[in-house]
Amino acid sequence: MTTGVIVFCHWAAFAAEVSSRRDGSHDPAMVVDASYAAMAFRSESETRSQNRRRWHSHWFKWHHSFTYPALHATRCTHIHQFIAFFTAKPPRSVNAHRANITRIGHLCRLQWPSSATRLGDLLGLAAFTVQVPGGNMTREPVRPRLRPQFRTRPSPPPWLLVLAVLAFVALLPSAGAMRPSRVAELRREVVDMFYHGFDNYMRIAFPEDELRPVTCAPLTRDAKNPGNVEVNDVLGNYSLTLIDSLSTLAIFASTPPDDRGTGLKALRDFQDGVAALVEQYGDGRPGPSGQGLRARGFDVDSKVQVFETVIRGVGGLLSAHLFAVGALPINGYEPLGPNDDPLSPPPIHWSNGLVYDGQLLRLALDLGTRILPAFYTKTGMPYPRVNLRHGIPFYKNSPLHGASSGDHILDGPPEITETCSAGAGSLVLEFTVLSRLTGDPRFEQLAKRAFWAVWYRKSHIGLLGAGVDAEQGHWVGPYSVVGAGADSFFEYALKSHILLSGHELPNRTAVEPKPKDDWLDPNTLFAPLTDVENSPDAFLQAWHHAHAAIKRHLYSDRDHPHYENVNLWTGSLATNWVDSLGAFYAGLLVLAGEVEEAIETSLLYTAIWARYAALPERWSITYKDIEGGLGWWPLRPEFIESTYYIYQATKDPWYLYVGEMVMRDIQRRCATECGWAGLQNVLSGEKSDRMESFFLGETTQYLYLLFDESHPLNKMDAAFVFTTEGHPLILPRAKSSVRSRPSEQKVMIVYHDPGFTNTCPAPPSDMPLTGSVIAARDDIYHAAKMLDLHLLQPKDSLGLPAEAVKPSGQQTTPRKSQLDASRFTPFPWSLPPEMVPQNGTCRKIYQPVEMLLEFSSNAQELIGGSAFNYLMGTQNLERLTMDRIRVQTLSGLKLTMRQEEDSDGEWRVSKVNGVQLGRDEFIVMNRAILGEVSDPRFNLVRDPVNVKLVHLHHVDLGQNDTDTEKDAEELQLEETDETANDPSPEEQESQIEPANVTSEEPSSSALGSYVKSLLANLAASLDDLLDGIPLEAAVTALPSILPSISSIHGSTHKHIKYPLNVFLNSTAVTATGIGAAPLPPSPPPPPSSPYGPNNHGQTRLYPAFGPVARDMIPYTTIYAAGQLCSPSPPLSSSSSPDSSSDSSPDPSTPTPPLLGDSIPRNHQILLLRRGGCSFSEKLSNIPSFPPSPTSLQLVIVVSDGEDEDASYSSYYTGFTQSHSGAPQGGLARPLLDQVQKTPGGLVRRNPIPMIMVGGGEMTYETLKRAKGVSVVRRWYLESQGRRVRNVIVDEGDAGGVA
């Protein structure tokens, strides 16, 4: 057997021995032992040369650094000195060599005192075969374990060594993995943490809602202060903490067997808790058994928040019921037989004497029914609060107002109707399960309708607001966030899809009212939901689009990935802080398969916790401190929840250490004699006298599941979800088909978009000889930099503050009070030393390239503009639309431009005069104010591809539809009489479509009706808003629109002399190829015009009424000619190569022309449809004509298909042009691959320009009836050769707004 085989065997044996350890641990001396043993078995010939010794030394250095990096980190200097010495020259003697080995042993003893015995073996096996003066000398080990024989052998094949290394790497357990015994100890500590709070609650506070852990007293509703919503919204006098804790007890019941009997105790406590609830509130039946000591059901006079009551009360009862009947697993608890139906379970006898037959489900139905009055709104979104006994008499605009009377109706200001997106749209999970378990469809339909009512109100850029008025349906406040206010809406979008997947759609048959006076069904106020709105795929689609909008507008990778708070309508930065509730989003991303985004964004919350040993309510990214004094942490679960989800997806031990960090900090800072207290101030450690119910229902539950990888919920292959309150829910499947109601829609269109993540990625592979992929990330310290953790007081190896140590080159921070050891988790965060990569490198922190441009101020330049300028807070900016801001002048203008990496380095204006811009927000500039600017950083460039096509239409506001139709007929007759005199072939009447006959044919008539309806609504809105103010005085900013509004409004003293001018804009592309001709120049304005050559700075607007100047709309005659393709020769059925020439057309017979000679002479625009033939052939079918101002100036081709509007959208979203000038997206340019010719085959002396526009049939019909057309060149701005993609250069026409 060769030496290489011996090395492989011993390495493999060692790896197998290490891997077989029950606790997964290994003595680091064993690793060194194997390393030296392998090197000792090298043959004498392999250590003879200097290169061999150098190879050994480098191998030892590599193996030493990665096997026990903690030793490497603290004593690496001495070891590497030895390695350097050994590399330079061999030891002078065996004793010198052994002295070096002994030095290594002493260092190992310092690091692992418990391994002294094995170090003796280590030294015995560490005898190298060395070369000394005078010849070779070998020495066998002093205390050999394997006693090898050293003989000179040939070198083994290299592949054997590679195989040995691979085998070792494959079998060696992760160096930083947490031992199972340690994980079990952490799991026990979490159980003890829970019971410390739960037992004290049951002993001190039950049957009240919560416990005061500092004063050791119950916490009840604040009857003296009904406006104390922080307490009264949650506490409803129905033993809230017990209801919230039942699912946690059921989860603890599956604890692995231990010497304390934790699982059996938790199961008994769960059953006793159910019995205690039934004793206090009855069993939910109408008879005597339904009356409890405290109330019949939840018939209590408590005004509570709808959202909190559903997620804590209804959700807690439903989850406990599912555990009780076995629909959710508990190890060793199987209450149902193989033929029992979980939807109709038989009575279950418990050891405490209670016969469980659905008491919790009936109580959940009772509580849900008492919430139904809140859904009596006209929007479908529930009111934020409801009284569990009296309903909603305090909402005066509800249909139920006044139905009850009593002391609960309070005088004073009206009840607030503002709710939040999360509060209105996060009810689907609980109410769907309630409906499916009880057979009552009211709850599911109401919750889904509320969800869609919120979703349908998203802004045009796809964002949801945080606050919404449930009564009026409008957003309250301009903020869009992922945290407080909107958090669980996104969560329920995805989890509703998961919960509903694989189940039948609900039966949409109307439910007949029960013969009871208190039967309420707010669904009767609305039309039934469609099958699409009931389908799980619709919720998945909502999630995908919501996440896409968040990723585009809220996600920021500056410094380290995080989410900002932006303007709902523009996407611009609104506030720059993160809140503790936003920590949940990383866990949701894991469920959606966005694991990488989840990992990187959760690191910021890990760093925040590392700094404060808790999560403050808000943390400012700008000031790197607590935002606005909001520094409390009420034992929230969101951070540990997302940590649990990421660990389930990655199995990275990093997150186990994060969980331990959280648990240790809670134990250290929040423990009281009677429970666990939230922190009122994370800096000072001041405790609040409240233990929120979600601490026992969520925080301890997620901590436990993190440390119990074998729990049945962690291995359950079913569509179950955790609600936003941490309650597991599932829709059980009936054993019989009696309850199944098939959907009326047999085939559902499954939603799928390949652009979204639809599958979960595989977990990342472990790095060899390391314990954590997360610890090896090259951005691991970026989030720490955002918190300035590197400036904080360092810790020694025990996690204690090091004395008199501060970072090199750093000044002592004046916030000395924050350097207390009790506030900071040992740095680096949650890692033990052996998990820190010593040779790791960090990626450069991302800082976008930005450039500030500031224009000189001209104090003499006066700024006019709109009456709405106050909205911008500056004189030279004007808000045109939600996504467009006009720059009135360059005087004093300050632009901040950012280079975008996702668009080939294009620039984007991110801030103008201090005003933040969203990613889809545009700056509009008049070309007149840019004409004299010439700078490489701000350069005006003419677009070689895109042009703007403006077409004019007339809408007669003073004429009704009947008169319009009569005038249209008269105008059509007049046009027919005029064109009858034009000489044209007979075939032309069948080929050519009449154009430009009237602007009031069907398509234009619809346009007029739309415009008149729009103005009528505007007039009515102004009337309601102004409340009696004369209309003329209120619209001084819109004098040109005043006549039309007055006419529609009913006033007769204004006479409409001219129709309304409506200008529609389209983006067209120019032709390319050898046959392309330049566009005709626009006629200049007359010298007497105020917009003449000497007045470039004047903004010229299209007139709303009256005639339009010829230089603004120069082309007024339009002719529509269809495809203008030559007809194909007829094919004979008997045609063949030998067929007679009689079947072919006679070449001597002239082909009739497609257009008469008068058409190009008398019409300036020729309108064509794309297709049928090439673009060059279309132009070749146009007769010759002498050029003149009234003859043909331009050919417009209208394209069909998917790209009908792509050109316009691509232009205004900043498409990238190739070097050839072709747009990368939108319409393709028409290719004229031949020189333009006449129908006779001669080269055309005056080529005809061609452009193409998208839009299909609608655009073709609209252009055919236009009163005039204008073509305007597009311009854009460049900076240093890169386009500024969100700057629109126009001619003063509102940036292309139609």
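Residue indices begin at 1 and follow the sequence shown.
- Looking at heavy atoms from C-beta onward, Pro1114 lies in side-chain contact with Ser1270 at the 4.5 angstrom threshold.
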task = Let me see the working for Asp920 and Asp883 under side chain to side chain contact (heavy atoms under 4.5 Å, CB included), right down to the final yes or no.
result = CA-CA 7 Å; Asp920 293 334; Asp883 60 345; 6.0 Å; no
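- Remark: side-chain polar atoms of Gln1164 are paired, donor with acceptor, to backbone N or O of Pro1189 under 3.5 angstrom.
- Considering all non-hydrogen atoms of both residues, Ala1071 and Ala1076 come closest at O-CB, 3.7 Å.
- Side-chain N or O atoms of Asn939 include none that pairs as donor or acceptor with a backbone N or O of Glu1278 at under 3.5 Å.
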request  = Any chance you could lay out the side chain to side chain contact (heavy atoms under 4.5 Å, CB included) test for Ile1196 and Leu1168, step after step, and finish with the verdict?
outcome  = CA-CA 6 Å; Ile1196 302 175; Leu1168 305 179; over 6 Å; no
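- A search for side-chain contact (heavy atoms from CB on, under 4.5 Å) contacts involving Asp1233 returns Ser1176, Leu1231, not counting sequence neighbours.
- Rounding to the nearest 0.5 angstrom, the gap separating the OG1 atom in Thr889 from the CG atom in Leu877 is 10.5 Å.
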message = I'd like to know whether Thr1190 forms a side chain to side chain contact (heavy atoms under 4.5 Å, CB included) with Thr1117, so could you lay out the CA-CA distance, the side-chain angles of the two residues, the decisive distance to 0.1 Å, and finally the verdict.
response = CA-CA 8 Å; Thr1190 59; Thr1117 54; over 6 Å; no
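- For the residue pair Val1253 and Ala1068, the shortest heavy atom distance occurs at CB-CB, 4.2 Å.
- Taking the side chain as every heavy atom from C-beta outward, Ile1113 and Phe1063 approach each other to under 4.5 Å.
- By the 4.5 Å heavy-atom criterion applied to side chains, Val1197 and Pro1230 are not counted as neighbours.
- Side-chain contact between Thr1116 and Leu952 is absent, with no heavy-atom pair separated by less than 4.5 Å.
- Looking only at distances, a side-chain donor or acceptor of Thr1259 sits under 3.5 Å from a matching main-chain atom of Gly1254.
- Arg1169 places no side-chain N or O within 3.5 Å of a backbone atom of Gly1122 that could act as its donor or acceptor partner.
- In this structure the side chain of Arg1273 never reaches within 4.5 angstrom of the side chain of Asp943, judged on heavy atoms.
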Show which side-chain atoms of residues 1241-1248 pair as donor or acceptor with protein atoms under 3.5 Å away, not counting sequence neighbours.
unit_1  : atom_1 : unit_2  : atom_2 : d
Arg1244 : NH2    : Leu1179 : O      : 2.9
Arg1244 : NH2    : Ile1182 : O      : 2.9
Arg1244 : NH2    : Lys1237 : O      : 3.1

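- Separation of atoms NZ (Lys1178) and SG (Cys1173) is listed at 4.0 Å; rounding is to 0.5 Å.
- Interatomic distance, Met1252 CE to Arg1170 CZ, rounded to the nearest 0.5 Å: 4.0 Å.
- Nearest heavy atom pair, residue Pro1183 against residue Asp1157, reads CB-OD1, 3.4 Å.
- Within the 4.5 Å cutoff, side-chain heavy atoms of Leu1166 are placed close to those of Leu1124.
- Considering all non-hydrogen atoms of both residues, Pro1103 and Pro1107 come closest at CG-O, 3.8 Å.
- The OG1 atom of Thr1072 lies 12.5 Å from the CE atom of Met1250; values are rounded to the nearest 0.5 Å.
- When atom types are taken as modelled, the side chain of Thr1262 and the backbone of Met1258 share a donor-acceptor pair closer than 3.5 angstrom.
- The two residues Trp907 and Ser1279 have their closest heavy-atom pair at NE1-O, 3.0 Å.
- In terms of modelled atom types and a separation under 3.5 Å, the side chain of Asn1061 and the main chain of Gly1106 share a donor-acceptor contact.
- A heavy-atom distance below 4.5 Å is found between the side chains of Met925 and Leu893.
- Checked options Arg1274, Arg886, Lys948; the residue passing with Asp1290 is Arg886 (criterion: salt bridge (charged side-chain N to carboxylate O under 4.0 Å, His left out)).
- In this structure a side-chain-to-backbone donor-acceptor pair under 3.5 Å is missing from Trp1275 to Arg927.
- Between Asn1181 and Ser1126, some side-chain heavy-atom pair lies under the 4.5 Å cut-off.
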query = Can you check salt bridge (Lys or Arg N to Asp or Glu O under 4.0 Å) on Arg879 and Glu921, steps first, answer last?
reply = CA-CA 11 Å; Arg879 172 71 70 181; Glu921 202 168 3; 2.6 Å; yes
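- What you find for Glu1177 and Ser1180 is that their closest heavy atoms are O-OG, 2.7 Å.
- In this structure a side-chain-to-backbone donor-acceptor pair under 3.5 Å is missing from Gln1236 to Gln1234.
- One finds the CZ atom of Phe922 at 13.0 Å from the CG atom of Leu880 (value rounded to the nearest 0.5 Å).
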query = Hey, mind stepping through Phe1185 and Ile1159 against side chain to side chain contact (heavy atoms under 4.5 Å, CB included) and telling me if it holds?
reply = CA-CA 9 Å; Phe1185 58 94; Ile1159 302 299; over 6 Å; no
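- Interatomic distance, Thr1067 OG1 to Asn946 CG, rounded to the nearest 0.5 Å: 6.5 Å.
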